[in-house]
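These values consider heavy atoms only, across backbone and side chains, with no hydrogens, waters or symmetry-generated copies.
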Amino acid sequence: MSEFLKKSIIPKKMNSFIKIFPVFVFCFLALPVIAHGDDVKTGIINVNLKEINPENSPNTKNISISKVEIETDPLKTAFYNFTQGNNKEALAGLKEYYGQIDPDDDYARMQLALKLVSMAYLNFAGEVLGEIKEKEIWGKMSDEFYKLYLPGNFVPESIENVQSMAYYILHYEDRPEAVLEITQNAGNFDYLRYLRAKAYKKIKKYDLAEKEINIAIKINPENLNYKLDLVNILAAKNEIRSAQMELGNLKRQAEKENITNREFLRNFKIYEYWLKTLEFGTDPVAGKYYEAYYHTVKEELEAALEILNKLAYKSKEAYVYELLGKIYYELGYYEPSRKAFKQGLNIDGNRVDSLTGLGNIYFITGQNDLAGKYYRQALDKFPQNVEALMAMARFESYLNNAENAYEYFKKILKIDKNNTDVIYNIGINLANRKKINEAEKMFKKALAADPMWSLIWLDLAKIELARQNYPTAVKYLKYINSIDENNPYYYYYMSVIFDKNNKKEESELFLKKAFELAPGLLREIKE
């Protein structure tokens, strides 16, 4: 399920319940909550700032952030140089950054590897990934890099720059013929074959594109992106059934290997619904429905809404109204969403997403009795449905019925043992019972599936603050800033640490930034 669809069946008021429970908090610590409209964002572990005494800890004396670090990002600078065709400057900046990475900073290595992949410096990326130490968190993401981005046969270092240049010419200059020229001697190097396939597709030589991508797949059958590109090429040739068969094979491979990479899964869904759109193109209902779903997965919600409104006027299909209700909800149009869900249920009362969707709307409008009624209906009709169980677990958590919520989460894990939302929320439950070490393990297990989940890094930072392990807390806070540079908690906690460490200038700078990002934070602190 796409991130959009995952969010669309959760009330805005409960959005943070996807990964946090703002009401059910770690009771012996306290932190101001930051309000943004209807949403309340906070981590599950809240820190009593009066108990933080960095000046008493020898571990904080060297904590600092330079002005350059605040104002510039060397990876962004390198990538900008690359997009402008300044490959030498980009590579020099990347190597300089690489040389400055702390030996224990696996996060910085993964960031660098991501940038290197986006510039096709794949040998360099492989070298960086080989130095990852903390496999508990980064091992899965590292493994997925090889299955998604890295070649089976690396080019010699002497021509890695040619590979990167070919990638640049294809994506930023749109000169596929030039790519074909400089990769004539692709030989047994699968990534070069992959670039040639993309170049041939751009000039609509689909048979040659298919030939090249099949060579790449033969060399490296583990690479899922190569296979996704084959689906793209077959669709371009209008070989819909063949494309769907390849996509089905790819889905089985991805499920077997438990691929969680968001970009890949999103692209997979886009192809899936585009192929369904082509397959049912002559069906006036199904074809338009799948076209709307295609736009939904791409987060082109207004386009999807326009299609569905016309379709709902002509057709009386429950699934059309259900998707219409989800999109209205996502856009914040709650009354039209409620009506759409109701209309769908009048046609077919067994639509689980419509039932939970109505529950969400009633929850957000403060009608908890009706919300609970629809959540229970969904669960009564579909006792093994993960979304129904999740909706009920979140609702019970909001009502502070911790034990009930925990039981629902356990049921979900029996059905879906790799559900990261549940793993994280079990960590919350453990933290609330002051089982910090066990909670930390669950947080890190959830991070292994999605290391760019900034909220968990925030929770881990708070744990380290409570332990008075300030250098590690600062390291985690920096991770948060790398993922979400506008996260006010990063600036707020850093200002506190700097203040306690008598670094007033830095403290004031960071506190000012925190208040700029979240004006309500000052009010919460005073309260």
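Using a 4.5 Å cut-off on side-chain heavy atoms (C-beta onward), W138 and Y107 make contact. Side-chain contact between E272 and F268 is present, with heavy atoms from C-beta onward closer than 4.5 Å. Proximity of E300 to L305: side-chain heavy atoms (C-beta onward) are nowhere separated by under 4.5 Å. Residues N481 and Y491 form a side-chain contact, since some pair of their non-hydrogen atoms from C-beta on lies under 4.5 Å apart. Counting heavy atoms from C-beta on, the side chains of L308 and Y293 never come closer than 4.5 Å. Between M494 and E506 the shortest side-chain heavy-atom distance does not fall below 4.5 Å. Side-chain contact check for L311 versus E317: every heavy-atom pair is 4.5 Å or farther apart. Two residues are said to be in side-chain contact when any heavy atoms from C-beta on lie closer than 4.5 Å; Y321 and L345 fail this criterion.
A salt bridge links R109 with D106; the closest basic N to acidic carboxylate O contact falls under 4.0 Å. Under the 4.0 Å criterion applied to side-chain N and carboxylate O atoms, E438 and K441 are not assigned as salt-bridge partners. A salt bridge links E306 with K310; the closest basic N to acidic carboxylate O contact falls under 4.0 Å. One finds no salt bridge joining D104 and K475 here, because no Lys/Arg side-chain nitrogen approaches an Asp/Glu carboxylate oxygen to under 4.0 Å.
Partners of Y319 under the ring-ring contact (aromatic ring centres under 6.0 Å, His included) rule, at least two apart in sequence or in another chain, are Y289. Under the side-chain hydrogen bond (donor to acceptor under 3.5 Å, both in side chains) criterion, R376 pairs with no residue at all, not counting sequence neighbours. Judged as a ring-ring contact (aromatic ring centres under 6.0 Å, His included), and not counting sequence neighbours, the contacts of F145 are Y149.
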Quick one: do E508 and K513 satisfy salt bridge (Lys or Arg N to Asp or Glu O under 4.0 Å)? Show the steps, please.
CA-CA 9 Å; E508 290 176 6; K513 181 69 172 178; over 6 Å; no
Set out, in order, the CA-CA distance, both residues' side-chain angles and the distance that settles salt bridge (Lys or Arg N to Asp or Glu O under 4.0 Å) for D421 and R394, then state yes or no.
CA-CA 11 Å; D421 288 348; R394 291 168 180 148; 3.6 Å; yes
Apply side chain to side chain contact (heavy atoms under 4.5 Å, CB included) to Y271 and W274, showing your working.
CA-CA 5 Å; Y271 281 115; W274 177 241; 5.5 Å; no
Please step through salt bridge (Lys or Arg N to Asp or Glu O under 4.0 Å) for the pair E279 and K276, ending with a clear verdict.
CA-CA 5 Å; E279 179 185 1; K276 285 183 179 293; 5.2 Å; no
Determine whether K76 and E485 satisfy the following criterion, salt bridge (Lys or Arg N to Asp or Glu O under 4.0 Å), listing intermediate values before the conclusion.
CA-CA 13 Å; K76 289 182 180 178; E485 62 186 18; 2.7 Å; yes
Steps toward side chain to side chain contact (heavy atoms under 4.5 Å, CB included) verdict (L278, Y290):
CA-CA 9 Å; L278 296 176; Y290 286 124; over 6 Å; no
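The one candidate from E255, E257, K256 that meets the side-chain contact (heavy atoms from CB on, under 4.5 Å) condition with Q253 is E257. Just one residue in the list N385, L389, V422 forms a side-chain contact (heavy atoms from CB on, under 4.5 Å) with I415, and that residue is L389.
For N360 and Y334, the side-chain atoms include no donor-acceptor pair closer than 3.5 Å. Checking Y479 against D105 by side-chain atom types alone, a donor-acceptor pair falls below 3.5 Å.
Remark: side-chain polar atoms of N401 are not paired, donor with acceptor, to backbone N or O of S397 under 3.5 angstrom. Judged by distance alone, the side chain of E144 and the main-chain N or O of T260 form a donor-acceptor pair under 3.5 Å. In this structure, K326 contributes its side chain and F341 its backbone to no donor-acceptor pair below 3.5 Å. Formation of a donor-acceptor pair under 3.5 Å by the W457 side chain with backbone atoms of P451 is found in this model. Checking side-chain atoms of E322 against main-chain N and O of S354 turns up a donor-acceptor pair under 3.5 Å. Of the possible polar contacts, none joining the S454 side chain to the D484 backbone as a donor-acceptor pair under 3.5 Å is found. In terms of modelled atom types and a separation under 3.5 Å, the side chain of N469 and the main chain of E464 share no donor-acceptor contact.
Here Y398 and F363 bring their ring centres to under 6.0 angstrom of each other.
The minimum heavy-atom distance between G349 and K381, with the atom names listed, is O-CE, 3.4 Å. The minimum heavy-atom distance between A439 and A431, with the atom names listed, is CB-N, 3.7 Å. Heavy atoms only, all atoms of each residue included: T356 and A388 are closest at CG2-CA, 4.2 Å. In terms of heavy-atom proximity, A312 sits nearest to L324 at CB-CD2, 4.2 Å. Across every non-hydrogen atom of G325 and S337, the tightest pair is O-OG, 2.8 Å. Scanning both residues, F395 and N368, for their nearest heavy atoms gives CZ-O, 3.5 Å.
Sparse packing is recorded around NZ of K445, with 12 or fewer heavy atoms of other residues, nucleotides or ligands lying under 6.0 Å away.
Annotation: cation-pi pair K503/F498 absent, no NZ/CZ under 6.0 Å from the ring centroid and within 45° of its normal. Both tests pass for K462 against the ring of Y489: distance under 6.0 Å to the centre and angle within 45° of the axis.
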